[in-house]
Amino acid sequence: MTQSILDFVPIWTAILGIGVFFYVLLDGFDLGVGILYGFAPDLAARNLVMNSIAPVWDGNETWLVLGGLGLLAAFPLAFAIILPAVYFPILLMLLALIFRGVAFEFRFRDAERRSFWDHAFCYGSAIAAFAQGVVLGAFIQGFHVEGRRFAGGSLDFLTPFSIFTGLALMAGYGLLGAGWLVLKTEGDLQQWARRLGQRCFVAVLAAIVVVSVWTPLANPAIAARWFSWPNIAFLWPAPILTALAAYGEWRALRGRAEAWPFAGAVALFALSYAGIAISLWPMIAPPSVTLWQAASSPDTQVFLLIGTLFLLPIILMYTGWSYWVFRGKVRGDIGYH
C-alpha cells in the first residue's frame, strides 16, 4: 500500500475539527444565553430565557465528549501534551458545567432558593466560557515541549493573552446567545436581546482586531504565514469576508430580521475558527508538534474510524431532530417545569 492510502490523519483532523466547531457553536450559544440570563429584567423574562434552551442544552455537550475522546484516540501525543498544560482551566470548566447543570434543574424544583440557583446558572455559564477561552489562548500561544512531553509549568497557561481570549470568548458566546434569543423570543424580550447583542458585538469586533494584531506580533511564524508572499495573495479574502460578516451582523442586530443575527454570529465564529486553523496548521500542539507526529497508528485510526462513521450520523440525526421538534418561538405558558 502507498503512504497516501494509509494516511488517515486528514480524515481524523476533519472529524475533530468539525466536532470542536459544533461544540463551540451549539454549547457556545447556550452558554451565552446563560451569561445573558443574569441581565434578564424580571422573573417572566428569566423563565422564557431558560425555556429557550431547555430542550437542547444538555445534548449540545455531546460534542465536547466527542472532541475530547477523538483527541485522545486519534492524537494521543497531543492529548498527553495539552491536558497537563491546561489542566486547571479544563478542571474549572468541567466544574462550572456541572454546577450550571445542577442549577438548571434545581431552579425549577427549589423555589425557595431560586435566586441562588439563578446566580449559579449565570456564573457557571460565565466561568465555563471564560475557562474555554483561556484554553484557546494557551493553545494559540503554544506549549513548552521537550521530547514527547509537556515540560512547562502548571500555570504557564495564565498569561495576559489567555486572559484576554477568555474574556473575548465570553463576549463571543454572549453574541451567539443574543442571536439565539432574537430567534426564539418576541416583543420586549427580543428587543432586550438585540440591545445586549449589540454590546457583545462591539466587544467581539474589538477582540478580533486585537487578536489579529497581537498574534502575528507575538509569533513570527504566524506573521510569516499571513503576510509573506505568495500566502498573502491567497489569504486576503479571509479578513475581507470577516469585515463583511461583521457589517451584516451589525445591520441584522439593529434591524428587524430574526434569523440573521444568529446566522451572522455563526459566520463570525466560523471565519475566526478558520483564521486560527490557517495560523497554526499543521500544528496540533503548537509550536512544534504536528498532526502527523501526534497521530496514533494507522491500524488504531482505522479501527476507531469504523465506529465513528456509524456514531457520527446518529449524533447529527438526533441533534437535528431535537432542533426541528422544538423549533419556533418559546412561550411563557409552556416549557420546562
Side-chain angles (χ1 to χ4, degrees), residues 23-61 64 89 91-134 166-201 203-204 253 261-262 265 322-323 326 328-337:
Y23 173 74
V24 169
L25 173 62
L26 298 180
D27 206 36
F29 83 72
D30 71 55
L31 286 173
V33 168
I35 293 171
L36 301 181
Y37 178 85
F39 301 95
D42 52 42
L43 177 60
R46 286 193 293 273
N47 288 338
L48 284 173
V49 169
M50 186 74 80
N51 284 334
S52 74
I53 61 171
V56 297
W57 73 273
D58 47 354
N60 291 339
E61 295 178 358
L64 178 63
L91 178 62
L92 182 64
M93 177 195 73
L94 293 176
L95 290 174
L97 289 175
I98 293 171
F99 194 51
R100 174 179 182 265
V102 171
F104 192 102
E105 298 293 335
F106 273 78
R107 179 187 182 274
F108 293 97
R109 290 167 170 79
D110 187 12
E112 293 182 359
R113 284 172 285 273
R114 178 171 291 170
S115 178
F116 171 79
W117 297 117
D118 283 344
H119 286 88
F121 180 70
C122 177
Y123 294 147
S125 301
I127 292 171
F130 177 75
Q132 290 177 19
V134 169
L167 296 173
L169 194 62
M170 288 176 64
Y173 282 176
L175 180 62
L176 280 172
W180 177 256
L181 290 174
V182 169
L183 180 65
K184 299 293 288 185
T185 62
E186 52 193 353
D188 292 340
L189 187 59
Q190 186 185 76
Q191 294 307 311
W192 167 82
R194 287 186 187 276
R195 290 192 296 271
L196 286 184
Q198 291 170 25
R199 297 175 186 176
C200 291
F201 171 80
V204 168
L253 286 169
F262 185 69
S322 65
Y323 281 91
F326 294 102
K329 298 292 185 180
V330 64
R331 289 165 41 195
D333 57 335
I334 58 174
Y336 192 84
H337 296 289

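Only a predicted model underlies this, so the values are computations on that prediction, with no experimental measurement involved. Residues: numbered from 1 along the sequence shown.
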- Task: Have a look at Phe262 and tell me which of Val182, Leu176, Leu181 forms a side-chain contact (heavy atoms from CB on, under 4.5 Å) with it.
- Result: Leu176

- Message: On a heavy-atom basis, which atom in Ala45 and which in Ala40 lie closest, and how many Å separate them?
- Response: CB-CB, 4.2 Å

- Asn60 CG to Asp30 CG distance, which is reported to the nearest 0.5 Å: 5.0 Å

- Measure the spacing between CH2 of Trp117 and CZ of Arg114 and express it to the nearest 0.5 Å. 13.0 Å

- Item | Under 3.5 Å: donor-acceptor pair, side chain of Lys329, backbone of Leu183 | yes

- Task: Return the orientation label for the Tyr323 and Phe29 ring planes: parallel under 30°, perpendicular over 60°, tilted otherwise.
- Result: perpendicular

- Task: Apply side-chain contact (heavy atoms from CB on, under 4.5 Å) to Val49 and Val330, showing your working.
- Result: CA-CA 8 Å; Val49 169; Val330 64; over 6 Å; no

- Value for CG (Leu36) from CG (Leu175), rounded to nearest 0.5 Å, stands at 9.5 Å

- Query: Where do Arg199 and Phe39 land on the side-chain contact (heavy atoms from CB on, under 4.5 Å) test, with the steps shown first?
  - Reply: CA-CA 13 Å; Arg199 297 175 186 176; Phe39 301 95; over 6 Å; no

- Nearest heavy-atom neighbours spanning Ser125 and Gly34: OG-CA, 3.4 Å

- Task: Would you sort out whether Leu167 and Phe130 count as a side-chain contact (heavy atoms from CB on, under 4.5 Å), showing the intermediate values?
- Result: CA-CA 6 Å; Leu167 296 173; Phe130 177 75; 4.1 Å; yes

- Side chain to side chain, Thr185 and Trp192, heavy atoms closer than 4.5 Å: no

- Query: Mind checking whether Leu64 and Leu97 have side chains closer than 4.5 Å, heavy atoms only?
  - Reply: yes

- Message: Can you give me the closest heavy-atom contact between Gln132 and Tyr173, atom names plus distance?
- Response: OE1-OH, 2.7 Å

- Query: Hey, mind stepping through Val33 and Trp57 against side-chain contact (heavy atoms from CB on, under 4.5 Å) and telling me if it holds?
  - Reply: CA-CA 10 Å; Val33 168; Trp57 73 273; over 6 Å; no

- Query: How many angstroms lie between CD1 in Ile98 and CZ in Arg100, if you round to the nearest 0.5 Å?
  - Reply: 12.5 Å

- Message: Return the CG to CE distance between Leu31 and Met170, rounded to the nearest 0.5 Å.
- Response: 10.5 Å

- First locate atom CZ of Phe201, then atom CG of Leu196, and finally report the distance between them rounded to the nearest 0.5 Å. 15.0 Å

- Query: Looking at Gly133 and Leu169, what are the two nearest heavy atoms and their distance?
  - Reply: N-CD2, 3.4 Å

- Query: Which heavy atom of Ala120 sits nearest a heavy atom of Ala103, and at what distance?
  - Reply: CB-CB, 3.7 Å

- Distance-only, no hydrogens or angles: does the Asn51 side chain make a donor-acceptor pair with backbone N or O of Asn47 under 3.5 Å? yes

- Message: Does Asp188 have more than 12 heavy atoms from other residues, nucleotides or ligands lying within 6.0 Å of its CG?
- Response: no

- State, with a plain yes or no, whether a side-chain heavy atom of Arg46 is found less than 4.5 Å away from one of Phe121. no

- Message: Quick check: closest heavy atoms across Ala96 and Gly124, and the distance to 0.1 Å?
- Response: CB-O, 3.4 Å

